[in-house]
Amino acid sequence: MTAQFDTIIVGGGLSGLTFAHKLKTHAPDHRFLVLEKSGRTGGAIRTHRDQGYITEIGPHGFLDNCPESRTLLTETGLDRECVKAPLKHFVRYVHLHGQLRCIPQSPGKILMAPLVPWTAKLRVLADLWIRPLAGEPTVAKWVDHRFGPALLPFADAVFTGTYAGDFNELAIDNVMPGIRRLEKEYGSVIRGLIGKMLQARRSGTAKKITMPAMTSFPDGMSRLAERLTESLQPGTDLLLECGVMAISRTETGWQVQSEKGVHSAANLVLALPVNASLTLLAGIDATMPIAAVPEAWIATVVFGFGPSAVLPPGFGYLTPEQEGRFTLGTLFSSNMFPGRAPAGHIVCETLVGGRRHPERLHLDDATMTRLALDDVREVLNLPGDPVYNTVLRPQSGIPQLERGYGQLLTWRDKVVQDHPGLSVCGFGWEGIGINDMIRSATGAAEQILRPSSAHTEGPEIKGVYF
């Protein structure tokens with residue numbers, strides 16, 4: 001017998017959980033079912049808790065500047081639990097030319113900081129008259145063209161931290177679409193930013209610019225998924241260990257073939273990582289422009305030290321590829337949020353692998369730990385041996401928004417338009433950050449909830465992984 005629902009949600013990660021929460025909160029009589037292939041919810045969000053150390057296998061937090069995320073926290077009561085690390089108080093570093101270089105938190109301070117020569121700073125102004133590049137340039141090519149080669153190491157660090165990616169492969173149109181639109185509209189990024197600011201002032205919509213805060217929870221990011229799962233009834237709203245093999249259209253909606261039976265609904269939501277979605281979507285439209293999106297995989301080597309070790313103030317540091325180091329960077333976890341290490345101890349998380357160096361992920365834990373510790377000790381003051389260490393290996397990769405991704409989004413939108421009742425969101429669709437996932441799932445849920453939903457869509461705001 002086929003079970004009938006109003007909506008079937010394939011995927012119990014953050015996107016699927018957000019979608020389910022919106023349905024349950026704003027349409028209590030709406031019958032839905034979440035199908036998750038693993039034995040847990042949360043997807044890429046996974047917190048590791050061991051011997052008093054709290055670290056993350058997935059994202060470490062999200063910025064508090066996304067309206068949809070703030071609404072979700074309020075609706076779930078998590079706004080009363082979350083902990084925040086304001087960016088204005090927590091600096092970041094780039095390890096460049098053998099030294100940690102602090103990145104100031106305001107444009108004025110960045111301009112005055114001795115990060116690059118004054119000739120390179122003046123070169124940035126050439127953006128005012130340089131014509132936009134045609135086509136789909138990579139981030140590296142775009143930054144070099146608009147602002148000069150001196151900024152390449154800093155751009156490299158930014159996209160290492162966000163995507164664990166290679167800025168020679170990531171496409172600027174995909175990872176910074178808002179900035180690219182400004183460039184094309186005004187002929188210059190600087191002119192575009194000034195133009196938008198003046199436009200906001202004239203319309204009376206200008207707001208005071210404030211720096212956001214990184215947000216997490218006392219026991220780690222898994223609390224977000226745990227709270228969203230609490231309202232789901234196992235066996236009724238949620239089926240775990242229930243992989244989906246195929247989807248198909250019917251006269252009245254959609255049919256889903258899973259490991260636990262066949263399910264039917266008027267609406268179908270694919271809230272999966274982009275490549276998992278493509279596998280199922282190929283069964284209804286095989287014209288996709290690319291078969292799969294490249295992924296970057298990372299491992300996290302965790303080090304706990306006693307009272308003799310001191311971390312610099314701030315979030316952590318990233319290392320451009322030109323430095324030739326073994327690690328991608330290190331997060332100062334016990335600086336960011338309280339309670340991440342036992343009293344009197346510190347904990348830091350060092351990233352290995354990424355898009356450029358997948359071969360390093362094949363190292364055994366002991367070798368990876370030794371090489372990572374040697375690398376970090378050349379940067380930080382960490383005397384003695386760590387009192388705790390472990391290697392965390394995620395079960396999923398980070399989608400890379402490289403060339404061809406824009407055409408994939410266009411194809412996805414056409415498939416959704418051609419197949420009523422279908423929604424596609426999830427990890428890698430329109431971003432990889434926590435805010436991206438919540439925003440996209442909220443917007444998709446509103447398509448089903450309208451006209452009963454009174455929510456409005458917020459502006460495009462990109463999230464971060466690091």
Side-chain angles (χ1 to χ4, degrees), residues 53 55-56 58-61 63 85-106 109-110 113-116 139 143 150-167 211-214 216 296 298-305 309-337 340-341 345-357 360 368-383 386 389 391-392 398 433 464-466:
Y53 293 93
T55 51
E56 303 288 355
H60 290 76
L63 299 179
L87 265 59
K88 65 179 180 180
H89 297 147
F90 288 82
V91 297
R92 287 179 170 86
Y93 302 88
V94 172
H95 190 262
L96 192 61
H97 306 310
Q99 296 181 353
L100 281 184
R101 309 290 182 100
C102 178
I103 306 300
Q105 301 295 306
S106 70
K109 291 181 179 179
I110 290 176
L115 296 172
V116 296
V139 171
V143 170
L151 296 193
L152 287 175
F154 302 95
D156 188 0
V158 167
F159 289 97
T160 294
T162 308
Y163 291 87
D166 181 352
F167 76 158
M211 297 195 70
M214 185 68 79
S216 184
I298 58 173
T300 302
V301 185
V302 180
F303 297 112
F305 285 86
V310 178
L311 292 170
F315 280 130
Y317 69 87
L318 292 163
T319 304
E321 177 69 9
Q322 71 176 42
E323 296 297 293
R325 306 202 69 85
F326 177 73
T327 65
L328 304 176
T330 296
L331 277 164
F332 304 158
S333 308
S334 49
N335 282 1
M336 294 169 60
F337 303 114
R340 297 297 158 119
H345 293 67
I346 65 167
V347 62
C348 57
E349 300 174 60
T350 295
L351 310 179
V352 176
R355 183 77 165 105
R356 290 185 174 110
H357 296 290
R360 294 174 182 171
M368 184 182 293
T369 299
R370 175 177 56 81
L371 294 174
L373 183 59
D374 289 344
D375 190 86
V376 171
R377 275 185 164 147
E378 293 181 6
V379 180
L380 302 175
N381 177 28
L382 296 173
N389 69 268
V391 176
L392 306 177
I398 305 169
V464 293
Y465 194 86
F466 180 82

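This structure is a prediction, so every number in the text was calculated from the model and none was measured. All values below were derived from every heavy atom in this structure, side-chain atoms included, with hydrogens, water molecules and symmetry-related copies excluded. Along the sequence shown, residues carry numbers from 1.
- Shortest non-hydrogen contact noted between Leu115 and Cys102 is CD2-O, 3.8 Å.
- Shortest non-hydrogen contact noted between Ser333 and Glu349 is OG-OE2, 2.5 Å.
- Residues Thr160 and Arg355 fail the side-chain proximity criterion, which asks for heavy atoms closer than 4.5 Å.
- Between Pro386 and Leu373 the shortest side-chain heavy-atom distance falls below 4.5 Å.
- Below 30°, between 30° and 60°, or above 60°: for Phe332 and Tyr93 the angle between ring planes is between 30° and 60°, a tilted geometry.
- Residue Leu318 holds its CG atom at 12.0 Å from CG of Leu96, rounded to the nearest 0.5 Å.
- Distance CZ/Arg340 to OG1/Thr55: 9.0 Å, rounded to 0.5 Å.
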Practice prompt. Take Arg356 and Asp156 through the test salt bridge (Lys or Arg N to Asp or Glu O under 4.0 Å) and record every step on the way to the result.
Written response: CA-CA 12 Å; Arg356 290 185 174 110; Asp156 188 0; 3.1 Å; yes
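- Taking the side chain as every heavy atom from C-beta outward, Glu323 and His97 approach each other to under 4.5 Å.
- Looking at every heavy atom in both residues, Pro153 comes nearest to Pro320 through O-CG, 3.4 Å.
- Contact of the Ile103 side chain with the Val94 side chain is registered, since non-hydrogen atoms from C-beta on lie closer than 4.5 Å.
- Not one N or O on the side chain of Thr350 forms a donor-acceptor pair closer than 3.5 Å with the backbone of Ala372.
- To the nearest 0.5 Å, atom OG1 of residue Thr327 and atom CD1 of residue Ile298 are 12.0 Å apart.
- Checked against the 6.0 Å centroid criterion, the rings of Phe159 and Phe167 do not qualify as a close aromatic pair.
- Side-chain atoms of Asn335 come within 3.5 Å of backbone atoms of Pro312 as a donor-acceptor pair (strictly under, hydrogens ignored).
- Distance check: Leu351 CG to Arg360 CZ gives 12.5 Å after rounding to the nearest 0.5 Å.
- Proximity of Thr369 to Val391: side-chain heavy atoms (C-beta onward) are separated by under 4.5 Å at one or more points.
- When all heavy atoms are compared, the tightest approach of Ala309 to Pro383 is CA-CD, 4.1 Å.
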Discussion item. If you apply the rule side chain to side chain donor-acceptor pair (under 3.5 Å), what do you find for Glu321 with His357, and how did you get there?
Written reply: CA-CA 10 Å; Glu321 177 69 9; His357 296 290; 3.0 Å; yes
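- Taking 4.5 Å as the limit, some side-chain heavy atom of Val376 sits within range of a side-chain heavy atom of Leu382.
- Note: Leu311 CG to Ile346 CD1 = 3.5 Å, rounded to the nearest 0.5 Å.
- Asp375 and Arg370 are not joined by a salt bridge, as no carboxylate oxygen comes within less than 4.0 angstrom of a charged side-chain nitrogen.
- Val302 is not listed as a side-chain neighbour of Asn389, based on a closest heavy-atom distance of 4.5 Å or more.
- Rounding to the nearest 0.5 Å places CE of Met214 at 9.5 Å from NE2 of His60.
- Residues Arg92 and Tyr317 form no side-chain contact, since every pair of their non-hydrogen atoms from C-beta on lies 4.5 Å or further apart.
- Among all heavy-atom pairs drawn from Gly354 and Ala296, the shortest one is C-CB, 4.1 Å.
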